[in-house]
Amino acid sequence: MAFPSINEQMDVIKRGTVEVLPEEELVKKLERSQKENKPLIIKQGFDPTAPDIHLGHTVGIRKLRQFQELGHQVVVIIGDYTAMVGDPSDKKSTRPRLSHAQVMEHAQTYQDQFFKILDKSKTIVRFNGDWFKKMTFEQIMGMAATFTVARMLERDDFAKRYAAQLPISIHEFFYPLMQGYDSVEIKADVELGATEQKFNLVIGRHIQKEYDMEPQIILTMPVLEGLDGKQRMSKSLGNYIGIDEPANEIYGKTMSIPDDAIYRYFELVTDVSAEELERIKSQLADPAVNPRDLKSYLGRTLVRMYHDEKAADAAEEAFRNLFVKKDVPDDMPEFTLGGGAMRIDEVMLATKTCDSKGAARRLIKGGAVSLDGEKISDPFFTVDLSAEHVLKVGKRKFARLKTA
RNA sequence: GGGGAGAUAGCGAAGCGGUCAAACGCAACAGACUGUAAAUCUGUCGGCCAAGUGCCUUCGGAGGUUCGAAUCCUCCUCUCCCCA
């Protein structure tokens with residue numbers, strides 16, 4: 001197998017990457033890989049805590065893809081063991097431990113989604129439970145002995161929690177160790193992670209050295225902002241765009257990001273060329289250009305990546321109709337609520353367009369509810385169910401009421 | 001092991017016997033304005049009932065004192081700090 005030249009490879013690797021540590025070592029590894037015609041082992045880990053891959057994850061996954069295209073070997077670690085241990089960072093709501101079956105289920109959906117980006121035939125997937133469940137206590141002690149508490153407390157989030165007098169459990173210290181040990185097991189040459197992962201990645205280097213192994217190079221990738229444009233995109237914050245979501249969702253969510261996030265999204269999660277990026281940047285700075293149009297372009301690009309061109313057209317069209325022309329969408333949940341009449345708050349509860357009847361009344365009072373385009377202001381309004389209706393609650397919630 | 005402080009709604013944080021379904025800030029939701037952007041303004045932000053000086057469930061958990069407890073007492077659980 002022929003690898004591209006070192007310079008070409010470095011160009012690809014460094015594009016969009018925050019840090020390559022240490023760069024000279026990577027060059028050496030690449031040189032050796034080329035001389036021996038042996039691909040480097042590129043690692044990234046994922047905890048299958050919830051079964052959705054979102055755009056934030058794709059920043060790293062897309063980089064993995066580039067490594068594949070350069071001819072290197074990608075190894076994806078599914079952290080089934082770490083996921084089963086359960087992340088205790090949110091002490092209040094002691095997160096339910098995931099059963100092995102759940103983990104495997106999540107792992108499956110993860111993989112389905114990985115391979116929307118990665119080349120399946122060139123990817124090795126490993127579960128870290130494979131080695132951790134076989135470890136003896138002696139081996140665990142050995143692993144734990146490779147690191148000190150003082151260094152562990154250097155990690156930013158531990159330091160902050162410690163300073164804020166928040167609890168830190170001992171086993172949380174095992175997280176970075178385990179992640180580092182994964183690198184030993186698969187003999188990683190390079191590990192990718194978001195910038196916030198830097199500490200864990202560096203521990204991987206340290207542990208590999210302890211196990212008499214050449215340390216991995218670490219590549220940190222930028223953290224993508226979520227839909228609010230401020231906080232990181234994450235499942236727990238609910239501000240994400242999943243790559244498995246329907247086209248309309250991907251497009252619609254994209255349209256809701258703030259203007260100053262547009263460039264970041266183009267840069268981090270799309271394939272547009274460097275020249276195109278420049279053009280986008282200058283357009284964003286041009287007051288004559290409506291940023292909405294660039295956002296629409298972004299939304300279309302993303303839908304095209306995870307669906308296709310047709311879906312992009314349809315999503316844009318649906319969005320226009322819904323929010324610009326204020327038409328009702330074609331697709332909406334349908335409900336058959338039996339015949340006769342039903343009070344509006346009960347209809348809202350039945351169609352899950354509100355959480356409680358009290359909430360329904362508040363929404364009605366706030367002018368958020370309409371039926372067939374007519375605003376409802378009477379909380380005791382009775383809906384005639386012998387005819388079909390379209391219920392709208394807020395900007396986005398719709399329900400079609402069918403007759404029995 | 002000893003001593004001290006603390007646990008309040010999604011988060012932060014007041015309240016320290018009745019006027020508490022609990023101030024305030026953030027987040028969230030809705031309305032106005034818009035480009036489903038931002039900013040701003042307004043309203044809402046435990047559940048139920050045709051809605052009231054109404055009923056039910058909530059201030060870590062279990063009991064108790066009291067006409068009345070987020071507030072006082074006892075025990076328990078958890079957390080942080082100092083000492084060993």
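Residue numbers start from 1 in every chain, and the chains themselves are labelled A, B, ... in the order their sequence lines are given, proteins ahead of strands.
- Rounded to whole Å, the distance from CG on D345(A) to P on C48(B) is 9 Å.
- Other residues, nucleotides and ligands contribute only 12 or fewer heavy atoms inside 6.0 Å of the CD atom of E374(A).
- In this structure, CG of D228(A) is placed 13 Å from C1' of C26(B), rounded to the nearest angstrom.
- As the counterpart of U57(B), no nucleotide is assigned, since no Watson-Crick or G-U wobble pattern has both distances under 3.5 Å.
- Using a 4.0 Å heavy-atom distance criterion, Y251(A) is classed as making no nucleic acid contact.
- Counting any heavy atom pair closer than 4.0 Å across all strands shown, I257(A) reaches sugar-phosphate atoms only and no base atom.
- When both distances must be under 3.5 Å, the Watson-Crick or G-U wobble mate of G6(B) is C78(B).
- At the phosphate of C49(B), OP1 or OP2 sits under 4.0 Å from a side-chain N or O atom of K357(A).
- Residue R362(A) places no side-chain N or O under 4.0 Å from the OP1 or OP2 atom of C29(B).
- Across all strands shown, U44(B) pairs with A28(B); the Watson-Crick or G-U wobble distances both stay below 3.5 Å.
- Here G252(A) lies in heavy-atom contact (under 4.0 Å) with a base.
- When the nearest nucleotides of RNA chain B are assigned to I262(A) and A368(A) by heavy-atom distance, the more 5′-ward of the two goes with A368(A).
- Side-chain polar atoms of T254(A) and K295(A) form no donor-acceptor pair below 3.5 angstrom.
- Using a 4.0 Å cut-off, some side-chain N or O of R361(A) falls inside it from OP1 or OP2 of A50(B).
- Counting non-hydrogen atoms of neighbouring residues, nucleotides and ligands closer than 6.0 angstrom, the CD atom of E309(A) exceeds 12 such neighbours.
- Close to C48(B), at under 4.0 Å from its OP1 or OP2, lies a side-chain N or O of S356(A).
- Sequence neighbours left out, the pairs with a member in residues 378-387 of chain A that pass side-chain hydrogen bond (donor to acceptor under 3.5 Å, both in side chains) are D384(A)-S386(A).
- In this structure, CG of D260(A) is placed 18 Å from P of G35(B), rounded to the nearest angstrom.
- L227(A) comes within contact range of no nucleotide atom at all, as no heavy-atom separation falls under 4.0 Å.
- Judged by Watson-Crick or G-U wobble contacts below 3.5 Å, the nucleotide G35(B) has no partner.
- A salt bridge is absent between K281(A) and E276(A); no separation between the charged side-chain nitrogens and carboxylate oxygens falls under 4.0 Å.
- The distance from atom NZ of K253(A) to atom P of A37(B) is 16 Å, rounded to the nearest whole Å.
- Atom CD1 in I364(A) sits roughly 15 Å away from atom P in C45(B) (whole-Å rounding).
- A straight line from OH of Y263(A) to P of A37(B) spans 25 Å, rounded to a whole angstrom.
- Donor-acceptor pairing under 3.5 Å, judged by distance alone, is absent between the side chain of D293(A) and the base of G35(B).
- Using a 3.5 Å distance cut-off with no hydrogens or angles, the side chains of Y211(A) and T146(A) do not pair a donor with an acceptor.
- Under the Watson-Crick or G-U wobble criterion, with both distances below 3.5 Å, G17(B) is left unpaired in every strand shown.
- Annotation: of the two residues near RNA chain B, D259(A) and T382(A), the 5′-most nearest-nucleotide partner is D259(A).
- The distance between atom CG of D355(A) and atom C1' of C48(B), rounded to the nearest whole Å, is 15 Å.
- When the P atom of U34(B) is taken as reference, atom CE of M255(A) falls 17 Å away, rounded to whole Å.
- You'll find that the side chain of L363(A) is closest to C29(B), out of G31(B), C29(B), G35(B).
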